[in-house]
S.K.: 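Structure provided below as structure tokens; questions to follow.
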2 protein chains.
Amino acid sequence: MIHRKRSTYRHGDLHRALVAAGTELAREGGPSAVVLREVTRRTGVTPNAAYRHFADKRALLHAVSMAAQAELARSIEQELSRIEPSGDASDVAKARLRAVGAGYLRYAQTQPGLFRTAFAEHADLRDAAAPDSAGDSGLTPFQLLSAALDGLVEAGVLPAERRLGAEFLAWSSVHGLAMLVIDGPLRGLDEEQRTFAARRLLEMVEKGL
Amino acid sequence: MIHRKRSTYRHGDLHRALVAAGTELAREGGPSAVVLREVTRRTGVTPNAAYRHFADKRALLHAVSMAAQAELARSIEQELSRIEPSGDASDVAKARLRAVGAGYLRYAQTQPGLFRTAFAEHADLRDAAAPDSAGDSGLTPFQLLSAALDGLVEAGVLPAERRLGAEFLAWSSVHGLAMLVIDGPLRGLDEEQRTFAARRLLEMVEKGL
DNA sequence: AACAAATGTGAACAGTGTCAACAATTGTGC
DNA sequence: GCACAATTGTTGACACTGTTCACATTTGTT
């Protein structure tokens, strides 16, 4: 067998390239669309090359999931940056919590494939604090939510004794709406209905927390 | 080629048998575990036999999903049957809404594989009203929730102007908690923490609706 | 310069969903 | 009764997937 010099040796940053290709696939078709052979195909490399950087297909998908969570974090951060510091501290604190929810929901609707990928493969609570899944601020979606809730307590809006486990309640509500809207039974709602449902839901959380 | 009499002809009710086998697979390993060839293997039939009853693998999975929703409905119904009619009508109405949520969450934790299957394949709002996904009472999970909310309005607990879209809010919260607990980042919570979170969540919904 | 580690390729295997052609059973019109 | 069509299953094949093992080539180390 003749072997000439290979041009595609030492790709340079194959790890990152594979994650990037997988992310694009997930963006278009969700977690099931990220198939190992297609990822390597798009990267211009042999299927087995992926095994030098990831133990499994699952490991690759996990990396893509982390990247998706980071994008989600940036969506939240963007929403947070919109709010202007008014005089009332409690109003600002409330606005920040709503911004977290709004950013979460906006990302789910804008990038349903990646959103589903972010939570498809079993993510641990450790992942929710891993730097891979953090946005530009260095905080993960979960940490951004926690910070908003802390702010609510500091501003005196939320009693301290209700703070414990509050992220679970807020997260559940928003996450559930996102899931039901993008591929659950609430799919097919038009833009107006969705924003209405989102607003009502965030009001419910604020009131019922 | 010699062809003798076949013993496995006219299975009788292959359609139902396939759904049953698929349901068992989903129960053990979630939606990804229901693989067409294994389903037919367990039913003692050739892979292609399934194509006489289902257009696709997706169609088979959809049927399993409907069956899972029916089981979910029965879990809710069981929880509803536990509540005794006390004197106060508003207390009963509130208890019924909590029962719907409790049955939902209990099923998600008891049968995570089937629960995930119920909402894995894109379910329409039509499916939420289809008789295939109804429990013994003839109502689907969504319809059971709607009925509970109607009861809340009748009892004067929930103002009528807040009734519109209320199922989406309640459903989102409970569904989100279920998802996060069974394979989301909230996995690993022990029994006590889960029931605590469930109680707090249902309180939040009742208060914030 | 010799050698080991890292990073890619090639060939192969079991397993999957699906299709086209065929066969056996069951039902139907005369 | 009986030819004939519809139903329901089987056989064989194909393209595709994730993964393993052996091998080749490049890069880093002593």
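Computed over heavy atoms, backbone and side chain alike; hydrogens, waters and symmetry mates excluded. Below, chain A is the first sequence line, B the second, and so on; all start at residue 1.
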S.K.: Classify every nucleotide of nucleotides 15-20 of chain D by which part a protein heavy atom approaches to under 4.0 Å, writing B for the base, S for the sugar-phosphate alone and - for neither, in 5'-to-3' order.
M.R.: --BBBB
S.K.: Without decimals, in angstroms, what is the distance between B:R42 CZ and C:dT16 P?
M.R.: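 Atom-to-atom, B:R42 to C:dT16, this comes out as 12 Å.
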S.K.: Who passes salt bridge (charged side-chain N to carboxylate O under 4.0 Å, His left out) against A:R163, sequence neighbours left out?
M.R.: A:D150, A:E167
S.K.: Measure CG/B:D13 against P/C:dT26 and give the value in whole Å, please.
M.R.: 16 Å
S.K.: Please state how far atom CG in B:L14 lies from atom C1' in C:dT26, giving the value in whole angstrom units.
M.R.: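 Roughly 16 Å, once rounded to whole Å.
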S.K.: What pairs with A:S137 under side-chain hydrogen bond (donor to acceptor under 3.5 Å, both in side chains), at least two apart in sequence or on another chain?
M.R.: A:E77
S.K.: Measure from the ring center of A:H62 to the ring center of A:F54 and say whether it is less than 6.0 Å.
M.R.: no
S.K.: Which residue pairs pass the salt bridge (Lys or Arg N to Asp or Glu O under 4.0 Å) test with at least one member in residues 127-137 of chain A, sequence neighbours excluded?
M.R.: A:R74-A:D136
S.K.: Could you work out, with salt bridge (charged side-chain N to carboxylate O under 4.0 Å, His left out) as the rule, every residue matching A:R187, not counting sequence neighbours?
M.R.: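 Listed in chain order: nothing, the list is empty.
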S.K.: Between atom CG in B:L25 and atom P in C:dG17, what is the gap in whole Å?
M.R.: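 Rounding to the nearest Å, CG of B:L25 and P of C:dG17 are 11 Å apart.
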S.K.: Check residues 198-209 of chain A and write down every donor-acceptor pair under 3.5 Å in which the side-chain atom is one partner and the other belongs to a residue at least two apart or another chain.
M.R.:
from: A:R200; atom 1: NH1; to: B:L164; atom 2: O; distance (Å): 3.4
from: A:R200; atom 1: NH2; to: B:R162; atom 2: O; distance (Å): 3.4
from: A:E206; atom 1: OE1; to: A:R98; atom 2: NH1; distance (Å): 3.2

S.K.: What's the CZ-P distance between A:F54 and C:dT7, to the nearest Å?
M.R.: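 Whole-Å distance recorded here is 13 Å.
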